[in-house]
There are 2 protein chains.
Amino acid sequence: MSIAIDPQDIKKEKILESAYNRFLHYGYSKTTMNEIAGDVSMSKALLYYYFPDKSQLYVAVMQKLANDHLKVIKSGTDFPSLEEAFITQLTNKNEFILKNYNFFDFFRLNEQNLPDAIWEIIGQLHEAEIEQLSNCITNEVKKGVIKPVDDPKAIVDLLLDALHGVRVRSFSQKKIHFPKLDQMEEIHQKRLLLVKIFVKGLMN
Amino acid sequence: MSIAIDPQDIKKEKILESAYNRFLHYGYSKTTMNEIAGDVSMSKALLYYYFPDKSQLYVAVMQKLANDHLKVIKSGTDFPSLEEAFITQLTNKNEFILKNYNFFDFFRLNEQNLPDAIWEIIGQLHEAEIEQLSNCITNEVKKGVIKPVDDPKAIVDLLLDALHGVRVRSFSQKKIHFPKLDQMEEIHQKRLLLVKIFVKGLMN
DNA sequence: TAACAGAACTTTTGATTAAATTGTTCAAAA
DNA sequence: TTTTGAACAATTTAATCAAAAGTTCTGTTA
């Protein structure tokens, strides 16, 4: 079966690409439909032929990014150790966030009520992470390296929350802001340490 | 030396008490200086004789609460185990927050730029916690229960951040809000688990 | 002079409006 | 079916203003 190249898909792709670049560069609210239309040399109205509205365009871009990252998450399997598994996932996620840092600007602003579709994507990623890592735990338990746990997923969940809580102690620790780009590396290092201690705490 | 009872102090206390109750019940922004003045049967202007302004009145109340809690923090010493030490501190803090939950309403609203004085108090509490717990670690290291660590304070700091990150996975995990009152118990249980794993991860 | 109160003053808040920008739809053309 | 220009609707921004609340002033009392 040959793959028919749908010209609609090509246009959609063009739009998605422009949107991604704009969102990445200027953030959601500073990107206008006019500008995207200009990028791809289409009328603004045509954007609405391909995408229902601006927020769903953003979601579509997000989904694309997420799909790429999902592949990365799911590709990693049978690690030499649980620690390796956690560290790899952690590092992958860190790179994912670094790479698209400004794109997630949307999250920081709309922090409160993100569209359901966004939460679904976040849920997908989260679910995949949990699935992958809890499997690792189960395997290690079978090997006898890790002591048996009731609910591997709950353990992974707990660690992910804990990792999420790690931040830099800024001078006098003011504000609880999202981590700034230049703090990410320090945070990443701290997280690696946390993972090591945590994993050791699970061992027999 | 006999303690002279300063009538000014008595009035200050009255004001602080009324303010505390008001802040606790209605929060900072829904409490007016008029109401406090009414409570203590003084003129509103008199409040400004005793306290520079509203925010510093709040800070004074906060400092009082903090002092009480500081005593609790510092009282706990020589625990049977490191785990006991962490769990005790964690439980104390949990009770402290539960008891004054609505008082901290101020934090949730002004989340961004709290007055410096507030951050100082938070710093005091944090410092005391770190001090206490890192001492426990140092002791346990000497006993050989825990394996040597470079920087005990950094370890405690990391754990505190991690604990701070623990939250409930609400249905579809929407929002990153401050934990609601009715979620506190679930969070506390998760934190206890995290402490156990973490401490075990530090052991020899 | 320290402790106080009434009234005046200043700042903040909330509601309202108007203007401008931007997102969205639609009728019609290619 | 795909595309557009133009109309339309929604959102944002700024400006305004009155009420409420915070703060200060002036002077009185003890």
Side-chain angles (χ1 to χ4, degrees), chain A residues 4-16 18-23 25-62 105-106 108-118, chain B residues 4-23 25-62 105-106 108-115 117-118:
Chain A
I5 298 171
D6 187 342
Q8 282 209 178
D9 287 349
I10 293 177
K11 295 210 169 170
K12 272 196 171 184
E13 273 306 313
K14 275 187 69 179
I15 295 170
L16 286 171
S18 161
Y20 171 66
N21 287 325
R22 288 271 174 193
F23 291 145
H25 220 67
Y26 304 107
Y28 183 79
S29 62
K30 291 291 187 188
T31 295
T32 73
M33 297 298 270
N34 264 321
E35 290 163 344
I36 296 174
D39 287 349
V40 295
S41 309
M42 301 180 197
S43 72
K44 184 169 59 165
L46 193 54
L47 297 183
Y48 287 88
Y49 180 78
Y50 289 103
F51 296 94
D53 58 37
K54 187 184 178 184
S55 77
Q56 292 190 59
L57 174 55
Y58 181 89
V59 168
V61 178
M62 174 83 191
D105 166 76
F106 184 63
R108 289 182 277 276
L109 298 180
N110 279 35
E111 184 174 353
Q112 303 307 335
N113 44 318
L114 298 171
D116 287 353
I118 291 286
Chain B
I5 297 172
D6 187 343
Q8 280 207 184
D9 288 348
I10 293 177
K11 294 211 168 168
K12 271 195 173 187
E13 272 306 313
K14 275 187 70 179
I15 295 170
L16 286 171
E17 196 188 320
S18 162
Y20 172 66
N21 287 323
R22 289 271 173 193
F23 290 144
H25 282 309
Y26 304 108
Y28 183 79
S29 63
K30 291 292 187 188
T31 294
T32 73
M33 296 300 270
N34 264 322
E35 289 163 345
I36 296 175
D39 287 348
V40 296
S41 308
M42 302 179 196
S43 70
K44 185 169 58 165
L46 193 53
L47 297 183
Y48 287 89
Y49 181 77
Y50 289 103
F51 295 95
D53 58 37
K54 186 184 179 184
S55 77
Q56 291 191 59
L57 173 56
Y58 181 89
V59 168
V61 178
M62 174 83 191
D105 166 76
F106 183 64
R108 288 182 278 275
L109 298 180
N110 278 35
E111 182 175 353
Q112 304 307 335
N113 45 319
L114 297 172
I118 291 286

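Reminder, nothing fancy here: chain letters follow the sequence lines and each chain counts from 1.
- Remark: S29(B) pairs with L109(B) by the side-chain contact (heavy atoms from CB on, under 4.5 Å) rule, at least two apart or across chains.
- Within the 4.5 Å cutoff, no side-chain heavy atoms of I15(B) are placed close to those of K12(B).
- Scored by the salt bridge (Lys or Arg N to Asp or Glu O under 4.0 Å) test, E17(B) finds no partners at all (sequence neighbours excluded).
- Of the inter-residue distances, the one linking M33(B) atom CE with L46(B) atom CG reads 10.5 Å to the nearest 0.5 angstrom.
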Provide a list of protein-nucleic acid N or O atom pairs under 3.5 angstrom, restricted to nucleotides 4-10 of chain D.
unit_1	atom_1	unit_2	atom_2	d
dT4(D)	OP2	S43(A)	N	2.9
dT4(D)	OP2	S43(A)	OG	3.1

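- In this structure, the NZ atom of K14(B) is 14 Å from the C1' atom of dA3(C), given to the nearest Å.
- Side chain of K14(B) to main chain of S41(B): no donor-acceptor pair is present (N/O by atom type, distance under 3.5 Å, no hydrogens or angles).
- Scanning residues 52-60 of chain B for heavy-atom distances under 4.0 Å to DNA chain C yields an empty list.
- Among the protein residues, Y50(B) comes within range of the sugar-phosphate backbone only, with heavy atoms under 4.0 Å from sugar or phosphate atoms but none that close to a base.
- Applying the side-chain hydrogen bond (donor to acceptor under 3.5 Å, both in side chains) test to S55(A) and every residue at least two apart in sequence or in another chain returns D53(A).
- For Y58(B), the ring pair (Phe, Tyr, Trp, His ring centres under 6.0 Å) test picks out F23(B), Y28(B), F103(B), F106(B), with sequence neighbours left out.
- Non-hydrogen atoms lying under 4.0 Å from DNA chain C are contributed by T31(A), T32(A), M33(A), all within residues 26-36 of chain A.
- Applying the ring-ring contact (aromatic ring centres under 6.0 Å, His included) test to pairs two or more places apart or on separate chains, none has a residue in residues 31-56 of chain A.
- The phosphate of dT25(C) has neither OP1 nor OP2 within less than 4.0 Å of any side-chain N or O from Y48(A).
- Here the side chains of L47(A) and I36(A) are in contact, with some heavy-atom distance below 4.5 Å.
- Between I15(A) atom CD1 and dG23(C) atom C1' the separation is 15 Å, expressed in whole Å.
- Screening residues 36-52 of chain B for salt bridge (charged side-chain N to carboxylate O under 4.0 Å, His left out), with sequence neighbours left out, gives R22(B)-D39(B).
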